[in-house]
Amino acid sequence: GFATIPVQSIYKVQEGDCTDPDNPNQKLQQLLVHNGRGSYNIHSLGQDAAREVMDEVKAYMKTRRGVLERANTVIVTD
């Protein structure tokens, strides 16, 4: 399948409980996405697709950090 998800809605990627039908040696990954109603939608991904999602999230975060660093702001972490 195909889905378009705002990167800000992604909560996390975690290992699923079942094996990938296309690659029985690997487990499916679960992509947890905030649904706006206090819970999550879960999308099952193969390991390669999950890695691609995480790479896209990292690229997004790097860009966002660059925007913040160029602004007159301070980044605070807890």
Side-chain angles (χ1 to χ4, degrees):
F2 180 80
T4 302
I5 299 167
V7 71
Q8 301 92 337
S9 299
I10 296 173
Y11 174 61
K12 70 177 177 177
V13 176
Q14 65 185 19
E15 189 170 293
D17 293 334
C18 55
T19 58
D20 185 342
D22 296 327
N23 190 347
N25 297 327
Q26 296 181 353
K27 287 196 172 217
L28 287 174
Q29 303 294 305
Q30 295 178 330
L31 176 66
L32 279 67
V33 179
H34 290 284
N35 67 9
R37 296 182 302 272
S39 60
Y40 304 95
N41 293 331
I42 300 173
H43 301 271
S44 296
L45 306 171
Q47 288 187 356
D48 291 339
R51 196 172 303 111
E52 288 174 14
V53 168
M54 290 307 300
D55 288 345
E56 289 184 36
V57 169
K58 287 176 185 176
Y60 172 82
M61 296 303 293
K62 183 178 180 181
T63 300
R64 291 289 302 147
R65 183 176 182 95
V67 168
L68 291 173
E69 287 174 346
R70 288 186 299 276
N72 292 330
T73 58
V74 175
I75 299 171
V76 179
T77 59
D78 54 11

Query raised in the report: Is any side-chain heavy atom of N41 less than 4.5 Å from a side-chain heavy atom of H43?
Result: yes

In terms of heavy-atom contacts, D20 and G46 come closest through OD2-CA, 3.7 Å

Minimal heavy-atom distance between L28 and S44, with the atoms involved, is CD1-CB, 4.2 Å

field: L32 side chain reached by Q14 side chain, heavy atoms, under 4.5 Å
entry: yes

task: State, yes or no, whether a side-chain contact exists between Q29 and E15 at a heavy-atom distance under 4.5 Å.
output: yes

Practice task
Report, as yes or no, whether the 6.0 Å neighbourhood of atom OH on Y11 holds more than 12 heavy atoms from other residues, nucleotides or ligands.
Solution key: no

- prompt: Is there a path from Y60 to L45 through hydrophobic residues (I, L, V, M, F, W, Y) whose side chains come within less than 4.5 Å of each other?
  reply: yes

Report task. Answer yes if V7 and M54 sit in the same cluster of Ile, Leu, Val, Met, Phe, Trp and Tyr residues linked by side chain heavy atoms under 4.5 Å apart, and no otherwise. Result -> yes

Quiz item: Are V33 and I42 co-members of a hydrophobic cluster defined by side-chain heavy atoms under 4.5 Å apart?
Solution: no

Subject >> ILVMFWY network linking V57 to L31, side-chain heavy atoms under 4.5 angstrom >> reply: yes

Point to revise | Flag if over 12 foreign heavy atoms under 6.0 Å of CG, D55 | key: yes

Rounded to the nearest 0.5 Å, the CD atom of E52 sits from the CD atom of Q47 at a distance of 12.5 Å

